[in-house]
Amino acid sequence: MLRVRFAPSPTGFLHIGSARTFIFNWLYARRHGGTVILRIDDTDIERNTQVALDSIFDGLNWLDLGWDEQYRQSERLALHKEAAESILRKGRAYRDFTPAQSAEEEKSREGGPWLCNAGMREISREESDRRAAAGEPFVLRYRVPREPAHDIRFRDGVYGEQVKSTADIEDFALLRSDGSPTYHLASCADDADLRISHIIRGQDHLTNTFKHILIFEALGIDLPVFAHLPLLVAPDGTKLSKRRHGPVVSVTTYRDAGFLPEAFINFLCLLGWSPKDDREKMSREELIATFSFEGINKSNAVVNFTEEDPFDPKAVWLNSQYIYAMPVEELAGKLAPFLRAEPRKVLAVTPLIQERIKLLKDAESVADFFLVAQLPPYDPAELIPQKGDSAMALRVLERALEILPSVEFNHAALEEALRSAAGALGVKAGQMFQPIRVAVCGRKNAPPLFETMAVLGKELCLQRIEQAVQKLQTTVTAN
RNA sequence: GGCGCUAUCGUCUAACGGUUAGGACGGAGCCCUCUCAAGGCUUAAAUACGGGUUCGAUUCCCGUUAGCGCUACCA
């Protein structure tokens with residue numbers, strides 16, 4: 001039975017690298033009919049926060065992929081302790097009574113590899129038991145088999161054969177001096193207990209895997225399959241981090257900007273993985289059917305964001321492709337929270353802005369003039385058409401005011417009326433449309449004029465054109 | 001410092017010894033067009049460096065350089 005797990009620790013919001021790890025785990029499980037386990041790795045009591053935990057669930061829920069089982073490490077401490085004791089009983093761990101070192105002392109040992117605190121490995125079991133019973137604090141360390149050293153090897157699903165000598169592995173901690181389990185112990189004990197068959201995680205754990213293999217061996221369980229994912233890095237090449245890069249790496253930032261979860265997932269999949277053909281936009285089903293470790297790249301992938309633009313242009317482009325392909329009713333539903341207008345209005349506006357937004361949030365600025373009662377102030381010079389003057393603008397608008405009351409507000413009738421009016425005035429169609437567009441929308445760049453006018457309605461259009469005429473007249477007299 | 005991983009256009013990537021080194025995003029240009037978009041077409045842009053192996057290396061090996069990761073009683 002194939003079982004995978006995603007194990008975030010609630011020390012900050014869910015970041016996009018973690019989200020990708022989750023997605024790849026999910027895809028792999030769905031592809032092979034396996035089980036997805038969400039395990040909250042909250043053994044670091046100092047740094048865990050409820051806000052972070054909520055943010056992780058916010059992000060995960062938004063992705064809408066779901067999972068099958070859920071656990072919390074802090075509720076499984078007895079299991080971790082038991083694992084630690086069993087390792088100690090087997091003689092594969094020892095108590096280290098050395099007091100915790102300060103940061104400065106840590107620095108002083110730089111220059112050579114630290115492997116263990118000399119002497120502590122050799123303390124007799126009797127003395128060790130006695131001192132522990134007397135209440136002396138200790139760190140429980142793995143007794144890494146050295147002298148003779150031997151190679152630990154495994155085959156990574158992505159990186160291939162991996163070898164490391166035990167001579168290069170330090171006696172890492174299993175239990176802290178307060179008795180709490182470290183990440184390595186808790187993670188392995190849980191992976192063993194939950195019968196995780198495939199561990200798919202970030203490449204930052206590649207070298208930790210040797211330690212984990214030692215723990216699994218001591219626990220006496222079969223090794224799972226390991227597959228490590230290349231890291232997501234910032235444009236400066238450093239690992240994405242909440243501290244250095246801020247909210248741009250948070251999944252909820254993407255949600256709030258109006259990414260569609262499908263597009264976001266699609267984008268993340270393309271970072272460090274390739275279907276090996278030229279497909280870019282892929283549905284959830286296609287991703288499940290295509291995903292495999294063979295397609296995963298070995299080198300880190302840059303998420304291309306800047307201070308001015310927090311989102312990778314490719315993510316934005318993919319999102320736009322999903323928006324363009326979406327049925328109007330569905331898109332209108334997604335747009336509603338961003339537009340804060342009545343559903344009927346949103347539905348009418350949606351087809352006009354669908355191809356003009358890349359993020360749902362863009363709708364706000366693209367569709368504003370549809371939704372406000374009063375247009376924000378604009379420069380009357382905008383009303384002047386190409387190769388024309390304010391007199392021409394005035395003639396056009398006044399003419400529009402004459403003919404529009406008797407025109408039915410639909411595409412065909414408006415086009416017919418305005419084109420023939422242009423002919424009668426001796427101006428080009430564009431010169432006719434431009435002043436009206438600005439009068440009605442308050443700016444030069446807007447959706448197609450006739451549909452726009454139809455949605456706005458006759459009354460509002462006439463009102464706005466009248467206002468434009470007044471603007472022009474006051475500027476003319478002022479000059 | 002030690003150990004490990006990685007290295008193709010600005011970015012994401014394809015080419016698992018033989019290609020004019022392909023695609024996508026972004027850029028530039030053209031077309032379409034009532035503006036803006038969308039769409040179509042065209043274009044610039046890469047094998048980090050140095051040695052091998054081979055008839056032939058982006059591809060295999062070694063070295064250099066660079067980046068990243070681990071080296072915690074963080075995860």
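All values below were derived from every heavy atom in this structure, side-chain atoms included, with hydrogens, water molecules and symmetry-related copies excluded.
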Could you state the atom-to-atom distance from [atom1] of [X] to [atom2] of [N] in whole Å?
X      : N      : atom1 : atom2 : value
A:L231 : B:rA75 : CG    : C1'   : 13 Å
A:L232 : B:rC5  : CG    : C1'   : 16 Å
A:E170 : B:rC3  : CD    : P     : 14 Å
A:E161 : B:rC5  : CD    : C1'   : 15 Å
A:F267 : B:rA24 : CZ    : P     : 18 Å
A:H212 : B:rA75 : NE2   : P     : 10 Å
A:R201 : B:rC70 : CZ    : P     : 12 Å

>> So A:F264 and A:N319, do their side chains get closer than 4.5 Å, heavy atoms only?
In response: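 Contact flag for A:N319/A:F264 side chains = no.
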Identity of whatever pairs with [N] - Watson-Crick or G-U, under 3.5 angstrom:
N      : answer
B:rU8  : none
B:rC16 : none
B:rA57 : none
B:rC49 : B:rG63
B:rA44 : none
B:rA72 : none
B:rC34 : none

Please state the [atom1] separation for the pair [N] and [M] - nearest whole angstrom.
N      : M      : atom1 : result
B:rA46 : B:rC25 : C1'   : 16 Å
B:rG4  : B:rC62 : P     : 13 Å
B:rA14 : B:rA21 : C1'   : 10 Å
B:rA44 : B:rC5  : P     : 39 Å
B:rC68 : B:rA28 : C1'   : 34 Å
B:rU8  : B:rG67 : P     : 15 Å
B:rU13 : B:rA7  : C1'   : 14 Å
B:rC61 : B:rG1  : P     : 26 Å

Quick check on [X]: does its [atom1] atom have over 12 non-hydrogen neighbours (other residues, nucleotides or ligands) under 6.0 Å away?
X      : atom1 : answer
A:Q70  : CD    : yes
A:E82  : CD    : no
A:K281 : NZ    : yes

> A:D168 has a side chain; which of B:rC73, B:rG69, B:rC3 sits nearest to it?
Replying inline: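 The answer is B:rC3.
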> In terms of side-chain geometry, is the basic nitrogen of A:E170 or A:K211 positioned less than 4.0 Å from the acidic oxygen of its partner?
Replying inline: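 Looking at A:E170 and A:K211, the cut-off is met.
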>> Regarding A:D236 and A:R244, does a basic nitrogen lie under 4.0 Å from an acidic carboxylate oxygen?
In response: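 So A:D236 pairs with A:R244 through a salt bridge.
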>> Would you compute the distance between atom CZ of A:R143 and atom CZ of A:R92 and round it to the nearest 0.5 angstrom?
In response: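 Reported value, rounded in 0.5 Å steps: 10.5 Å.
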> Does A:K164 or A:G237 map to a spot on RNA chain B nearer the 5' end, using the closest nucleotide for each?
Replying inline: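 Mapping each residue to its closest nucleotide by heavy atoms, the 5'-most match is A:K164.
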Each nucleotide N or O in nucleotides 6-15 of chain B that has a protein N or O under 3.5 Å away: list the pair and distance.
| residue | atom | partner | partner atom | Å |
| --- | --- | --- | --- | --- |
| B:rU11 | O4' | A:N304 | ND2 | 3.4 |
| B:rC12 | OP1 | A:V302 | N | 2.9 |
| B:rC12 | O2' | A:L270 | O | 2.6 |
| B:rC12 | O2 | A:K314 | NZ | 3.3 |
| B:rU13 | OP1 | A:G272 | N | 2.3 |
| B:rA14 | OP1 | A:K276 | NZ | 3.2 |
| B:rA14 | OP2 | A:N297 | ND2 | 3.3 |

>> Which residue is it: A:H205, A:R201, A:Q162, A:Q203? I am looking for the one with a side-chain hydrogen bond (donor to acceptor under 3.5 Å, both in side chains) to A:H228.
In response: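 Answer to the side-chain hydrogen bond (donor to acceptor under 3.5 Å, both in side chains) test with A:H228 among A:H205, A:R201, A:Q162, A:Q203: A:R201.
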> Taking atom types as modelled, is there a side-chain donor on A:N48 or A:D42 under 3.5 Å from an acceptor on the other?
Replying inline: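 There is no such pair between these side chains.
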>> I need the full list of side-chain hydrogen bond (donor to acceptor under 3.5 Å, both in side chains) pairs touching residues 302-316 of chain A, with sequence neighbours left out, sorted by first then second residue.
In response: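 For residues 302-316 of chain A: A:E280-A:K314.
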> Which pair of non-hydrogen atoms, one from A:R356 and one from A:A446, has the smallest distance, and what is that distance?
Replying inline: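 Taking every non-hydrogen atom into account, NH1-O, 4.5 Å.
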> Does A:T207 place a side-chain N or O at less than 4.0 Å from the phosphate oxygens OP1/OP2 of B:rC5?
Replying inline: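 For B:rC5, OP1/OP2 do not have a side-chain N/O of A:T207 under 4.0 Å.
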> How does protein reach along nucleotides 32-39 of chain B, written 5' to 3' as B (base within reach of a heavy atom under 4.0 Å), S (only sugar-phosphate), or - (no contact)?
Replying inline: --BBBBSS
